[in-house]
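Here's the structure we're looking at; comments come further down.
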2 protein chains.
Amino acid sequence: MISFDPQTLVYDARGLIPCIAQDETTGEVLMMAWMNTDSVARTLETGRVTYWSRSRSAYWVKGETSGHVQELVDLRIDCDRDCLLAVVRQTGPACHTNRRSCFYTAIRDGDETEIMAPMV
Amino acid sequence: MISFDPQTLVYDARGLIPCIAQDETTGEVLMMAWMNTDSVARTLETGRVTYWSRSRSAYWVKGETSGHVQELVDLRIDCDRDCLLAVVRQTGPACHTNRRSCFYTAIRDGDETEIMAPMV
């Protein structure tokens, strides 16, 4: 039985909370997306990380169409209760550009540099 | 010379962009806080991670008062350009509760569990 209540988290004016996805094994930060109370509840219930898509205004079960699912390993809350960290088992790339992580651009020597190639 | 322009990032309605801080060595996700265009520029110029404090409406040079500074190692941008990842060299705890990371509460077996003690 789950006694944790997602309503106790702190959501922004749109009713959303940011969730950072981190790779269980490598520790790599894969992506950041948004959740509402229901997507937090669904993520905990199903073990499948489920965001809220702001562009589509719809639940977004990560990998549902692409197969690049995020299996929840651990869900963590920060000290202010206004940010989540999902430790996940990621299948394939987390990014829609086919890269393992969405953070593939670094600012080095004042310029943007691509530090990660798409997966093949 | 820095040719990167912080204005090319995507900010929310408040003019802010979330920035995730990750420990360079351990890969640990330390915290998430917000930046505006100027704090992005200051972070790049000074090498000291500088957030925008929403509660104080002021620049927040991490560790300026506590000494728990974040030295910037690498600043990364995600595919949508609306989230930043700062790889940092963290002195002491990143969290104001004196814990290494702000994400010290996990939801396990449906209940909140503290998984990290304050540093001594």
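Every chain is numbered from 1, with letters handed out A, B, ... down the list of sequences.
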Q. What about B:Val87 and B:Val40, same hydrophobic cluster or not, with Ile/Leu/Val/Met/Phe/Trp/Tyr joined at side-chain heavy-atom distances under 4.5 Å?
A. no

inquiry  = Tell me whether A:Val49 shares a hydrophobic cluster with A:Ile17, the cluster being built from Ile, Leu, Val, Met, Phe, Trp, Tyr side chains joined at under 4.5 Å.
reply    = yes

Margin query: Test your reading of the model: is there a side-chain donor-acceptor pair from B:Ser3 to the backbone of A:Asp111, 3.5 Å cut-off?
Written below: no

message = If hydrophobic clusters are built from ILVMFWY residues whose side chains come within less than 4.5 Å, do A:Trp60 and A:Met32 share one?
response = no

SG of B:Cys102 to CZ of A:Arg81, rounded to nearest 0.5 Å, is 13.5 Å

Does B:Met31 belong to the same Ile/Leu/Val/Met/Phe/Trp/Tyr cluster as A:Val29, with side-chain heavy atoms less than 4.5 Å apart forming each link? no

- Indicate yes or no: at least one non-hydrogen side-chain atom of B:Asp80 is less than 4.5 angstrom from one of A:His96. yes

query = Any side-chain heavy atom of A:Phe103 sitting closer than 4.5 Å to one from B:Cys79?
reply = no

Cut-off 4.5 Å, heavy atoms of chain B, and the answer for A:Asp23 is neither

Here the pair of heavy atoms bringing B:Gln22 nearest to A:Gln22 is NE2-NE2, 4.3 Å

OG of B:Ser101 to CG of A:Leu85, rounded to nearest 0.5 Å, is 7.0 Å

Whatever's closer than 4.5 Å to a heavy atom in chain B on A:Leu84 counts as backbone

Shared hydrophobic cluster, A:Tyr11 / A:Ile20 (ILVMFWY, side-chain heavy atoms < 4.5 Å):
no

Bottom line for A:Ser55: the part with an atom under 4.5 Å from chain B's heavy atoms is neither

So, the part of B:Ile77 with a heavy atom under 4.5 Å from chain A: the answer is both

Of all heavy-atom pairs linking B:Ile107 and A:Leu44, the shortest is CG2-CD2, 4.1 Å

The interface call for A:Arg54 against chain B, heavy-atom contacts under 4.5 Å, is side chain

Any salt bridge between B:Arg99 and A:Asp78, counting N to O under 4.0 Å?
no

inquiry  = Looking at B:Arg76 and A:Glu112, is there a salt bridge between them, counting it only when a charged N and a carboxylate O are closer than 4.0 Å?
reply    = no

So, the part of A:Cys83 with a heavy atom under 4.5 Å from chain B: the answer is both

